[in-house]
Amino acid sequence: MQRTMVKDALGAPGPVPRMTVQGWIRTRRDAKGFSFLEVNDGSCRANLQVIVNADCPQYERIAEFTTGSAVEATGELVASQGKGQAWELRAAGLVLVGAADDAYPLQKKRHSLEYLREIAHLRPRSNLFGAVFRVRSRLSFAVHRFFQERGFLYVHTPILTASDCEGAGEMFRVTTLDPADPPRTEDGKVDYSEDFFERPAYLTVSGQLEAEIFACSHSNVYTFGPTFRAENSNTSRHASEFWMIEPEMAFCDLQGDMDLAETFIKELIQDSLEHSGDDLAFFDEFVDKGLLERLRFVLDRPFHRLPYTEAVEILKGSGESFTYPAEWGAGLQSEHERFLTEKHFKCPVSVYDYPKSIKPFYMRTNDDGRTVAAMDVLVPGIGEIIGGSQREERLDVLDAGIAAHGLNPDDYWWYRELRRYGSVPHAGFGLGFERMLMFLTGVGNIRDVIPFARTPGNVDF
RNA sequence: UGCUCGGUAGCUCAGUGGUAGAGCAGGUGGCUGUUAACCACUUGGUCGUAGGUUCGAAUCCUACCCGAGCAGCCA
């Protein structure tokens, strides 16, 4: 027995005398003397309609073939008599591989996203999440393809780390000590020299610093892996565990960084339109009307680039009444970002050259002495999707930054040595993979584009 | 973490002081090459939890739990 995937059956060029499909029943419709089974195996959005006639040996047990059950159907693929599908399978043999009783939580009706989150073990079988995770898989591949085709080296930066990549947020501590009875030093503090790594360790909040190491040997590199932030964030666009893509390029300045960011986003959109078209059409119809139009619009137009200082002037002169008025030296609020990208420019916006005082130590100080070569890419509906910068390659300036931020230079000894031995201008950025998925699918909550969302108070599944 | 909104049948929701409801799902019967099929009948509830006010609370008050939206943190 060779299995045919539903996607291939539906795309068959002609009738097939005999084939076997396996999948889960979405719904059953009984007619007099025969039944329709809608079988889905995840290979595509559409179901295969299986006709079970009275002469099929299993027909007398058809009532057991309930929504959610796993089935195997063998028979002839023929042109459908009905409307709505080109092909259907006339079952000669039918096997109830795994029954689903009437408590099956995924009913053939609309469910709320909140409810579906509670049944994360079953929601991939729904239309929406089936599509989301197909797009996610394809997008992962597109990320690698983008960089590999350009000769970028894929670096596996560590997940366990002792460095806190200053400014990136609260960290999850990793320890093997007994929290109820940790070893203590003489002054009563927890003695981390007794811990597994003999010092405090954490889950990574960014692979950037390590990526810089490899940029300084292999020129163009990228990372793509899980990232952990222990912030108590309760928003639709933050997760405690998420996937981040971080390219890092040697001999590259901020302009080159922004060029890559824009090309990258556009190519991911292009790839999705090409290879996930059916699923995107589903989102366009049921999740976010106008999605496809917006994606094509973004694809066709250059991102608008402007310095932070100019952005603040636009905000000040906008006549909008913001909850927090824009002020040079303060970060851009969500409402400011939304105004720029959704109302003023109506397209993705790259804001660059931020005040030095609100950015981390490693960003390169501009000649004006008060801004750094940082850039954020803002996108309608989501806000910040990319954050990046040119890195400070001058050791003396870097040291001044470390001191100004109150950090201990010894903790960054290897990072500093990169500036001692063959230092080069280099730049990179971080793209939130889930935020890109939200942008591509129109799905409004980050918890619905990641298979198993981790947020404060939630590590189920 | 702060502010706001919400929690009623398996699911989606209505009910705002006086006998707990609808649609869907489930069950029974009927009908039809059907498309979240349709028609009739029907099962199903400690109204998030704990207190309080009241003759009487799903409804009003307090605390807590859970969920969501927004903000901050950021990707």
Side-chain angles (χ1 to χ4, degrees), chain A residues 26-38 46-53 63 66-68 78-85 88 90 100-119 122 126-127 165 167-171 205-208 224 226-246 261 286 322-324 330-338 358-360 376-379 382-388 429-439 444-450 455-458:
Chain A
R26 285 294 176 82
T27 181
R28 188 187 81 234
R29 292 181 292 273
D30 297 322
K32 190 157 207 167
F34 65 102
S35 288
F36 301 96
L37 294 182
E38 294 274 351
N47 308 318
L48 179 65
Q49 177 162 287
V50 176
I51 311 297
V52 187
N53 279 312
T66 52
T67 298
V78 299
S80 178
Q81 295 174 25
K83 293 172 183 171
Q85 60 280 318
E88 63 189 21
R90 295 191 160 273
D101 65 46
D102 58 23
Y104 182 60
L106 248 193
Q107 295 172 11
K108 46 186 180 185
K109 56 167 284 192
R110 194 190 148 273
H111 290 287
S112 70
L113 295 173
E114 292 80 9
Y115 171 67
L116 290 166
R117 269 172 224 149
E118 294 169 6
I119 51 168
L122 296 172
S126 67
N127 286 328
C165 199
E170 293 296 309
M171 306 183 79
V205 292
S206 167
Q208 179 203 314
F224 182 12
T227 308
F228 307 89
R229 305 266 167 99
E231 299 289 349
N232 190 6
S233 296
N234 291 290
T235 79
S236 54
R237 58 192 192 285
H238 289 87
S240 312
E241 176 184 282
F242 64 98
W243 286 62
M244 187 156 63
I245 298 138
E246 296 178 288
F286 294 106
F322 295 114
T323 309
Y324 299 92
L332 296 181
Q333 301 282 319
S334 283
E335 57 182 341
H336 301 150
E337 297 179 349
R338 270 206 306 278
I358 58 171
K359 290 294 183 182
D376 285 350
V377 178
L378 313 176
V379 130
I382 290 162
E384 184 178 345
I385 197 167
I386 279 179
F429 62 79
L431 171 81
F433 185 62
E434 283 78 15
R435 288 190 181 174
M436 186 65 204
L437 264 171
M438 292 169 72
F439 183 64
N445 196 309
I446 197 168
R447 286 162 251 194
D448 298 325
V449 295
I450 190 165
T455 52
N458 195 340

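Chain identifiers are assigned alphabetically (A, B, ...) following the order of the sequence lines, protein sequences preceding nucleic acid strands; residue numbering begins at 1 within each chain. The shown structure was predicted, so the numbers you read here are calculated from the model rather than taken from an experiment.
If A:His111 and A:Arg435 are placed on RNA chain B by their nearest nucleotide, the residue sitting closer to the 5' end is A:His111. With RNA chain B read from its 5' end, the first of the two nearest nucleotides for A:Glu337 and A:Gly444 is the one closest to A:Gly444.
Rounded to a whole angstrom, the distance from the C1' atom of B:G29 to that of B:A36 is 22 Å. When the P atom is used for both B:G26 and B:A71, the distance is 41 Å, rounded to whole Å. For B:C38 and B:C24, the C1' atoms lie 14 Å apart once the distance is rounded to whole Å. Using atom C1' as the reference point in both B:U46 and B:A57, the two lie 14 Å apart (nearest Å). Across the P atoms, B:U53 and B:U62 are found 15 Å apart, a figure rounded to whole Å. With C1' as the reference atom, B:U54 and B:G48 are 23 Å apart, rounded to whole Å. Taking atom C1' on both nucleotides, B:A9 is separated from B:C47 by 10 Å, rounded to a whole Å. Comparing B:C60 with B:G69, their C1' atoms are spaced 26 Å from each other, to the whole Å.
Taking atom CD of residue A:Glu118 and atom C1' of nucleotide B:G10, one finds them 13 Å apart after rounding to whole Å. B:A71 atom P lies 13 Å from atom CD1 of A:Ile382, rounded to whole Å. Going from atom CG of A:Asp448 over to atom C1' of B:G67 covers 13 Å, rounded to whole Å. A:Leu378 places its CG atom 12 Å from the C1' atom of B:A75, with the value rounded to the nearest Å. The distance between atom CD of A:Gln333 and atom P of B:A71, rounded to the nearest whole Å, is 9 Å. As rounded to whole Å, 15 Å separates atom P of B:C11 from atom CG of A:Leu113. Note: CZ (A:Phe228) to C1' (B:C74) measures 16 Å, nearest angstrom. One atom, CG of A:Asn234, and another, C1' of B:C74, lie 14 Å apart when rounded to the nearest Å.
Of the side-chain N and O atoms in A:Arg338, one or more sit less than 4.0 angstrom from OP1 or OP2 of B:A71. Contact check, A:Asn445 against B:G69: a side-chain N or O comes under 4.0 Å of OP1 or OP2. Between A:Arg447 and B:A68 there is a side-chain N or O to OP1 or OP2 distance below 4.0 Å. Residue A:Ser334 places at least one side-chain N or O closer than 4.0 Å to OP1 or OP2 of B:G72.
With A:Met436 as the fixed residue, the side-chain contact (heavy atoms from CB on, under 4.5 Å) test singles out one of A:Ile382, A:Leu431, A:Val449: A:Leu431. When each of A:Lys108, A:Arg29, A:Arg28 is tested with A:Glu38 by the rule salt bridge (charged side-chain N to carboxylate O under 4.0 Å, His left out), just one qualifies, namely A:Arg29.
In the model, A:Ser334 has a side-chain atom that pairs as donor or acceptor with a side-chain atom of A:Arg237 under 3.5 Å.
Residue-environment remark: OH (A:Tyr115) exceeds the threshold of 12 foreign heavy atoms within 6.0 Å.
Nucleotide B:C41 has B:G27 as its partner under the Watson-Crick or G-U criteria, with both atom distances under 3.5 Å. Here B:C70 sits opposite B:G2 as a Watson-Crick or G-U wobble pair (both hydrogen-bonding atom distances under 3.5 Å). Base-pair partner of B:U59: not found among the strands shown (Watson-Crick or G-U wobble, both distances under 3.5 Å). Base-pair partner of B:A75: not found among the strands shown (Watson-Crick or G-U wobble, both distances under 3.5 Å). Base pairing of B:G21: its partner is B:C13, meeting the Watson-Crick or G-U wobble criterion (both donor-acceptor distances under 3.5 Å).
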Kindly determine whether A:Ile385 and A:Phe439 satisfy side-chain contact (heavy atoms from CB on, under 4.5 Å), including the steps that lead there.
CA-CA 9 Å; A:Ile385 197 167; A:Phe439 183 64; 4.2 Å; yes
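Within the 4.5 Å cutoff, no side-chain heavy atoms of A:Gln333 are placed close to those of A:Thr323. A:Leu332 places none of its side-chain heavy atoms less than 4.5 Å from the side chain of A:Glu384. The side-chain heavy atoms of A:Leu37 and A:Asn47, taken from C-beta on, include no pair separated by under 4.5 Å.
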Reading nucleotides 33-38 of chain B from 5' to 3' and marking B where a protein heavy atom lies under 4.0 Å of the base, S where only the sugar-phosphate is that close, and - otherwise, the string is BBBBB-
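Residue contacts for A:Leu106: at a heavy-atom cut-off of 4.0 Å it reaches no nucleic acid atom on any strand shown. Using a 4.0 Å heavy-atom criterion, one finds that A:Arg117 contacts the sugar-phosphate atoms exclusively. Residue contacts for A:Thr235: at a heavy-atom cut-off of 4.0 Å it reaches a base atom on one of the strands shown.
In this structure, the separation between CG on A:Leu106 and OG1 on A:Thr67 is 10.0 Å, given to the nearest 0.5 Å. To the nearest 0.5 Å, atom NE2 of residue A:His111 and atom CD of residue A:Glu118 are 12.0 Å apart.
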Short N/O separations, protein against nucleotides 45-50 of chain B, under 3.5 angstrom:
none

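Considering all non-hydrogen atoms of both residues, A:Ser236 and A:Gly444 come closest at CB-O, 3.5 Å.
Proximity note for A:Tyr115 (side chain, C-beta onward) versus B:C74, B:A71, B:G10: the nearest is B:G10.
Between the side chain of A:Glu231 and the main chain of A:Glu170, a donor-acceptor pair closer than 3.5 Å is present.
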